[in-house]
Amino acid sequence: MKKISIIICLLGIALLYSCGRSAEDVREMSKDKEDSIAPATTEEKGMSAAPTDAPASAQTAPAADDADKANKTSSPVKKTSQQTEQRSFYDSVYVVVNANRKLIKTANLEFKVADVEKATLKIENLVYRYGGFTLKSEIKTTTEQSNTVRINNDSVLEVGVNNIENNMTIRVPQFLLDTLLLKMASLWIELDERSVNAEDVTIDYLANDLRAKMHQKTAGNINRAAQNGGRLDDVVEAERAANQFLETSIQKQIDNMSLQDRVDYATITLRFYQDEVLYKRTIASYKIEEYEEGFGSQFVDALAFGWEIILGFILFIARGWSVILIMVVSFLVVYYFIRYMIRRAKRKSA
């Protein structure tokens with residue numbers, strides 16, 4: 001009996017020792033785990049809110065201190081947060097791309113930049129990098145006011161004010177719209193208008209798809225019924241009806257392709273401008289009367305021109321003497337014939 005009691009006591013002691021050892025191991029494992037995630041938890045403490053029962057000032061101060069300590073002591077924490085943000089970005093992109101919703105996104109921006117030409121090149125480069133394309137880019141310079149000042153006999157100085165602006169229409173993949181707008185925010189000095197709209201066309205797309213399938217099925221049924229035999233007129237009428245249903249089905253498919261294109265690529269309309277530009281330029285301007293010849297030269301030229309007219313008239317007569325001779329002979333014949341007739345009439349009357 002004593003031996004049994006001793007054995008039981010030894011087993012109890014061994015059991016208690018093993019339980020304590022296992023609890024100690026669990027505590028060490030949990031401590032190691034906490035140490036391994038300490039930077040992340042420190043950053044999370046800095047970013048998260050304090051308990052509700054503490055005052056607001058007491059809540060924000062430790063959080064800010066923890067965040068500052070984390071930023072100063074551990075650069076890997078920043079890398080970890082950036083990787084987390086990058087992963088979340090790609091996760092959100094994956095969600096958007098694989099979503100069942102079909103949204104047509106459009107954006108309209110109007111802003112002021114430092115240099116219109118440089119901003120245009122940067123925007124076109126961004127659009128190209130993000131897999132988009134430019135539909136329209138129109139840089140226009142408008143002169144608001146100008147004035148000219150004569151600086152010498154043959155040139156004037158033109159001074160004016162120009163307004164330079166660009167109207168652009170670009171398209172980018174829809175899931176990169178927000179990223180592109182974020183990148184473009186570094187270009188503007190002053191933002192006048194920024195609007196982003198989304199139109200849900202999921203129902204329209206589904207309706208077009210169902211109608212296309214329905215019309216295609218109806219056309220197939222009509223064609224099969226026409227092939228079974230019948231009068232020629234009935235077959236022709238059935239074929240005509242089937243073609244109409246097929247055309248409607250094709251049109252619905254085309255509408256869906258247009259919707260899908262507008263869903264895949266967002267459309268952005270931009271108008272940006274810069275400060276008014278003062279310009280100065282020298283242009284040629286002269287008075288013709290200042291370069292005209294004097295009276296003496298003009299008088300000599302007039303006499304020479306008159307003499308040329310006389311010579312030309314003489315040459316004209318010399319070239320057309322035969323015509324003149326025929327005209328003179330004809331005139332004399334007619335003249336003497338008329339005199340003869342007048343004299344004869346007088347004789348008869350006498």
Side-chain angles (χ1 to χ4, degrees), residues 110 112-125 127-128 132-171 267 269-350:
E110 183 175 349
K112 177 182 176 182
V113 297
D115 191 296
V116 169
E117 185 176 355
K118 293 181 180 179
T120 301
L121 296 177
K122 289 181 180 179
I123 292 173
E124 290 176 350
N125 188 22
V127 172
Y128 175 75
F133 53 92
T134 302
L135 289 180
K136 184 182 75 170
S137 179
E138 180 182 356
I139 299 178
K140 183 170 62 175
T141 302
T142 305
T143 303
E144 290 296 324
Q145 56 183 354
S146 63
N147 191 16
T148 56
V149 179
R150 180 167 293 278
I151 54 178
N152 51 42
N153 293 332
D154 57 357
S155 60
V156 296
L157 177 65
E158 183 180 4
V159 182
V161 177
N162 282 340
N163 279 337
I164 306 175
E165 64 176 17
N166 189 0
N167 293 298
M168 291 186 70
T169 304
I170 58 179
R171 299 193 70 191
T267 304
T269 304
L270 304 174
R271 178 187 174 273
F272 50 94
Y273 57 94
Q274 67 182 53
D275 288 328
E276 294 180 343
V277 178
L278 178 67
Y279 70 92
K280 297 179 181 180
R281 60 186 177 187
T282 303
I283 58 177
S285 177
Y286 48 85
K287 296 180 180 180
I288 298 177
E289 56 270 14
E290 294 179 357
Y291 298 91
E292 290 182 352
E293 297 178 348
F295 175 76
S297 299
Q298 293 182 9
F299 181 75
V300 173
D301 292 340
L303 292 177
F305 182 73
W307 177 248
E308 290 177 357
I309 292 175
I310 294 173
L311 293 178
F313 181 72
I314 295 172
L315 292 174
F316 172 76
I317 294 175
R319 290 190 182 98
W321 66 269
S322 59
V323 177
I324 296 173
L325 179 61
I326 294 172
M327 293 176 62
V328 170
V329 171
S330 300
F331 174 77
L332 293 175
V333 170
V334 172
Y335 174 75
Y336 283 109
F337 178 77
I338 293 173
R339 279 187 71 181
Y340 172 75
M341 294 300 294
I342 292 173
R343 288 177 180 177
R344 184 177 177 182
K346 287 182 178 179
R347 289 174 185 174
K348 286 182 179 181
S349 62

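Numbering starts at 1 and runs along the sequence shown.
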Residues that Gln274 engages under side-chain hydrogen bond (donor to acceptor under 3.5 Å, both in side chains), provided they are two or more places apart: none

message: With a sphere of 6.0 Å drawn around OH of Tyr279, does it hold more than 12 non-hydrogen atoms of other residues, nucleotides or ligands?
response: yes

query: Which residues pass the salt bridge (charged side-chain N to carboxylate O under 4.0 Å, His left out) test with Asp275, sequence neighbours left out?
result: Lys112

- request: Apply side-chain hydrogen bond (donor to acceptor under 3.5 Å, both in side chains) to Glu138 and list each qualifying residue two or more places apart in sequence or on a separate chain.
  value: none

task: May I ask you to test the Val156-Thr282 pair for a side-chain heavy-atom distance under 4.5 Å?
output: no

query: In this structure, which one of Thr141, Val113, Thr142 forms a side chain to side chain contact (heavy atoms under 4.5 Å, CB included) with Ile164?
result: Thr141

message: Between Ile170 and Leu270, is there a side-chain heavy-atom distance shorter than 4.5 Å?
response: yes

query: Mind checking what makes side-chain hydrogen bond (donor to acceptor under 3.5 Å, both in side chains) contact with Asp301, not counting sequence neighbours?
result: none

Which atom pairs, one a donor and one an acceptor, fall under 3.5 Å between side chains of residues 115-123 and the rest of the protein, sequence neighbours left out?
{"from": "Asp115", "atom 1": "OD1", "to": "Glu117", "atom 2": "N", "distance (Å)": "3.0"}
{"from": "Asp115", "atom 1": "OD1", "to": "Lys118", "atom 2": "N", "distance (Å)": "3.1"}
{"from": "Thr120", "atom 1": "OG1", "to": "Val116", "atom 2": "O", "distance (Å)": "2.7"}
{"from": "Thr120", "atom 1": "OG1", "to": "Asn166", "atom 2": "ND2", "distance (Å)": "2.9"}

statement: Applying ring pair (Phe, Tyr, Trp, His ring centres under 6.0 Å) to Phe316 and not counting sequence neighbours gives none

message: I need the full list of ring pair (Phe, Tyr, Trp, His ring centres under 6.0 Å) pairs touching residues 133-162, with sequence neighbours left out, sorted by first then second residue.
response: Phe133-Tyr265

message: Just by distance, no angles: are the side chains of Thr143 and Asn162 close enough, under 3.5 Å, to form a donor-acceptor pair?
response: yes

message: Could you work out, with salt bridge (charged side-chain N to carboxylate O under 4.0 Å, His left out) as the rule, every residue matching Glu124, not counting sequence neighbours?
response: none

field: Set of salt bridge (charged side-chain N to carboxylate O under 4.0 Å, His left out) partners for Arg281, sequence neighbours left out
entry: Glu158

message: I'd like to check the side-chain hydrogen bond (donor to acceptor under 3.5 Å, both in side chains) partners of Thr148; sequence neighbours left out, ordered by chain and number.
response: none

Chi angles and distances behind the side-chain contact (heavy atoms from CB on, under 4.5 Å) call for Leu278, Val159: CA-CA 7 Å; Leu278 178 67; Val159 182; 3.9 Å; yes

- prompt: Looking at Glu144 and Asn163, what are the two nearest heavy atoms and their distance?
  reply: OE2-ND2, 2.7 Å

field: Note, Glu165 side chain near Asn167 side chain (heavy atom, < 4.5 Å)
entry: yes

message: Within the structure provided, determine whether Lys136 and Met168 are in side-chain contact (heavy-atom separation under 4.5 Å).
response: no

field: Pairwise distance CZ(Arg171) to OG1(Thr269) - rounded to 0.5 angstrom
entry: 10.5 Å

task: Only counting residues at least two apart or in another chain, list the ones meeting side chain to side chain contact (heavy atoms under 4.5 Å, CB included) with Ile314.
output: Ile310

Going by atom type alone, with no hydrogens or angles, which donor-acceptor pairs under 3.5 Å involve a side-chain atom of residues 317-345 and a protein atom two or more places apart or on another chain?
{"from": "Ser330", "atom 1": "OG", "to": "Ile326", "atom 2": "O", "distance (Å)": "2.8"}

Side-chain heavy atoms of Phe305 within contact of Ile309, under 4.5 Å: yes

